[in-house]
Every structure is written in structure tokens, then in C-alpha cells.
> 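This is the structure, below, for whatever I ask next.
As the structure lists them, so they are numbered: ligands from 1, and atoms in each ligand from 1.
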Amino acid sequence: MKSVHLKEINSTNDYVKKHISELENLTFVYADRQTSGRGRLTRKWIDSGEDNLFLTIVIKPTDDITDINLYPNFTQYLSVVLALVLEENYNLKPQIKWPNDVLINGKKVAGILAEGTFDGAKFRGMALGIGVNLNTEFKNLSKIDKPATSIFQETGLIVDKQEFLKQLYTKFCLLYDSFVCDGFKSVKEIYISKANFINRQLKINVFDNIHEGVAIGLTDDGALRLKEDEEINTYCIGDIL
Ligand code: BT5
């Protein structure tokens, strides 16, 4: 595994964006402490201690990625990879909440944030960030503003961070070639088998516009198909409320 281990950093995504030219594709950059972890928009990612994971995977443009439309799907790809790791190694039943939150028993165990980096108009690469609550205890989970959990909270087992990183890296690489070749379609079936929103009445927020309907499925590109009254609309970005 190509990796960079940092003691403390503001954000592993910022580190990767800053150092993108010297970092190799698929390097795993992780930090023990993250002082300004970010979520989407202006949201924050809470660091509840160094026995949790703050990781950014370096994705660079390579010859095997021929379709630039693949990049937005990396977050959904990573949510599937993580869900499989949780299921196969920790005997958990993870759920995926569109587009890429991973939950256990309805509580968020991980968040994913991808950010592109450009030189003018030239795409230099992507910082594919993920925070996973490995060992957060209940008293710290309860300080988070939305329902949150950790692997430790769900299993009672202390998670070895190095072991977890290895499991994530192995699964990420195992499914990578078919993902690069076929895109979201290659993991769509697994994603849907873990999706907790299909056939449910939902409200989604898309750039501060609320849409309401029944989630009837996903497109081959990972966009949500929402039946609103008699219309079916597809959304490639948004938040389930
Ligand atoms: C995310 O945003 O869930 C993406 C989080 C990505 C974090 C990683 S850590 C490594 C890398 N470096 C960074 O700076 N970021 C990435 P979003 O969908 O916007 O959700 C953010 C919301 O999740 C917050 O507003 C809280 O409600 C909740 N939250 C924050 N910290 C949490 C935690 N530790 N566990 C569970 N939920 C949390």
C-alpha cells in the first residue's frame, strides 16, 4: 500500500490538493488528528480522537480512466467498498444513504467528500476523503449534531486502524479495475442491495430546493430516480432530508 501518515493536519483533503503533483495515484494519506475536517458545503467533520480514521485517497488522471464522467462516481464507489469491509470483516449490516453516507442501524459511521484540483482548466486530480468512526465512544458520539455511531459502539470490539486501512485498501483495489472500466454500473447491484431509501417516500434538498417523491431506483450513473406525482426526475446531486 502506498501511504503517507501524518500526525496532525487541518484536513487530509487539503493536504492532498496541495501536494497533488508529488503524490502517486492511489496513495492513501491519513492523519492521526484532523483539526479542520470538512464535510460538504460549510459542514464539519468531527475528530473524536486519533483511534479514528481521517483518510484521503489520491486519484490522478491515468490512461485507464477514459471517461471523465467516472470521477463524480468515486464517492459512491468508496461507499460500496466501505460497506463491504464492514460487512465482511466486522459482521455488520451497513446501509448506504444516497449519495454516499454509510450508516449502521440508521446512524452515520462514515462520511465521504471528493474534491477536484485544477491547474487553470486542467484537471490535476481528486482528493477522495473519508472519515470513519472506528473507536469513538458513546459520550463523544452523542456530541455530534446528527445520529452517529462507530464500529466499536456497534460491535464492542476495538478496531485496529492499520488493519482497517489494509482491509479498505485491499477492497478498493480489488474492485477498482472493473469500476474504472464500467463505472458505477459495476457496483450498482451491491449499492442497491445496501441502499436504505429505495421505494421510500423521500424529501431531497438540491441547492436549497426541496423535492418530494418516491425513490424508484438509480440510473447506471448513480443518479437518484424520484417519482414526483406523475413525473420521474433524476438527480445526480443532493441530500436526503
Ligand atoms: C460528509 O459531509 O459526511 C463528508 C465528511 C468527509 C470527512 C473526511 S475526513 C478526511 C477528509 N478530510 C476532510 O477534511 N474531509 C474528509 P456531509 O455529508 O456534509 O456531512 C457532514 C455532517 O456529518 C455534519 O454536519 C454532521 O452532522 C455529521 N458529522 C460530522 N462529524 C461526524 C462524525 N465524526 N461522525 C458522524 N457524523 C458526523
> Give the atoms of ligand 1, by number and element, whose distance to some non-hydrogen atom of S11 is under 4.0 Å.
12 (N), 13 (C), 14 (O)
> Have a look at ligand 1 and work out which part of T136, if any, has a heavy atom under 4.0 Å from it: side chain, backbone, both or neither.
neither
> For ligand 1, which part of I112 has a heavy atom less than 4.0 Å away: the side chain, the backbone, both, or neither?
backbone
> Using the ring of each side chain (for Trp, its six-membered ring), is F164 parallel, tilted or perpendicular to Y90, with breaks at 30° and 60°?
tilted
> Within the structure, does R43 bring an N/O atom to less than 3.5 angstrom of an N/O atom in ligand 1?
yes
> Applying the side-chain hydrogen bond (donor to acceptor under 3.5 Å, both in side chains) criterion to N105, which one of E154, Q95, Q153 satisfies it?
E154
> Of the protein's non-hydrogen atoms, which lies at the shortest distance from atom 18 (O) of ligand 1, and what is that distance?
R40 NH2, 3.0 Å
> Looking only at protein heavy atoms, identify the closest one to atom 26 (C) of ligand 1 and say how far it is in Å.
D145 OD1, 3.2 Å
> Strictly by modelled atom types, are E228 and N233 linked by a side-chain donor-acceptor pair under 3.5 Å?
yes
> For the side-chain contact (heavy atoms from CB on, under 4.5 Å) test, which of L84, L86, N196 pairs with P94?
L86
> May I ask you to check if ligand 1 and K108 share an N or O to N or O distance below 3.5 Å?
yes
> Polar contacts were defined as any N/O atom of the residue lying under 3.5 Å from an N/O atom of the ligand; does this apply to T56 and ligand 1?
no
> Between Q34 and ligand 1, which residue portion shows a heavy-atom distance shorter than 4.0 Å: side chain, backbone, both, or neither?
side chain
> Considering only heavy atoms, does L55 approach ligand 1 within less than 4.0 Å through its side chain, its backbone, both, or neither?
backbone
> Looking only at side chains, do S150 and T136 share a donor and an acceptor under 3.5 Å apart?
no
> Should the pair E50-K7 be classified as a salt bridge under the 4.0 Å nitrogen-to-oxygen rule?
no
> Indicate yes or no: does an N/O atom of I46 lie under 3.5 Å from an N/O atom of ligand 1?
yes
> With atoms numbered from 1 as shown, which atoms in ligand 1 lie under 4.0 angstrom from a non-hydrogen atom of G131?
7 (C), 8 (C), 9 (S)
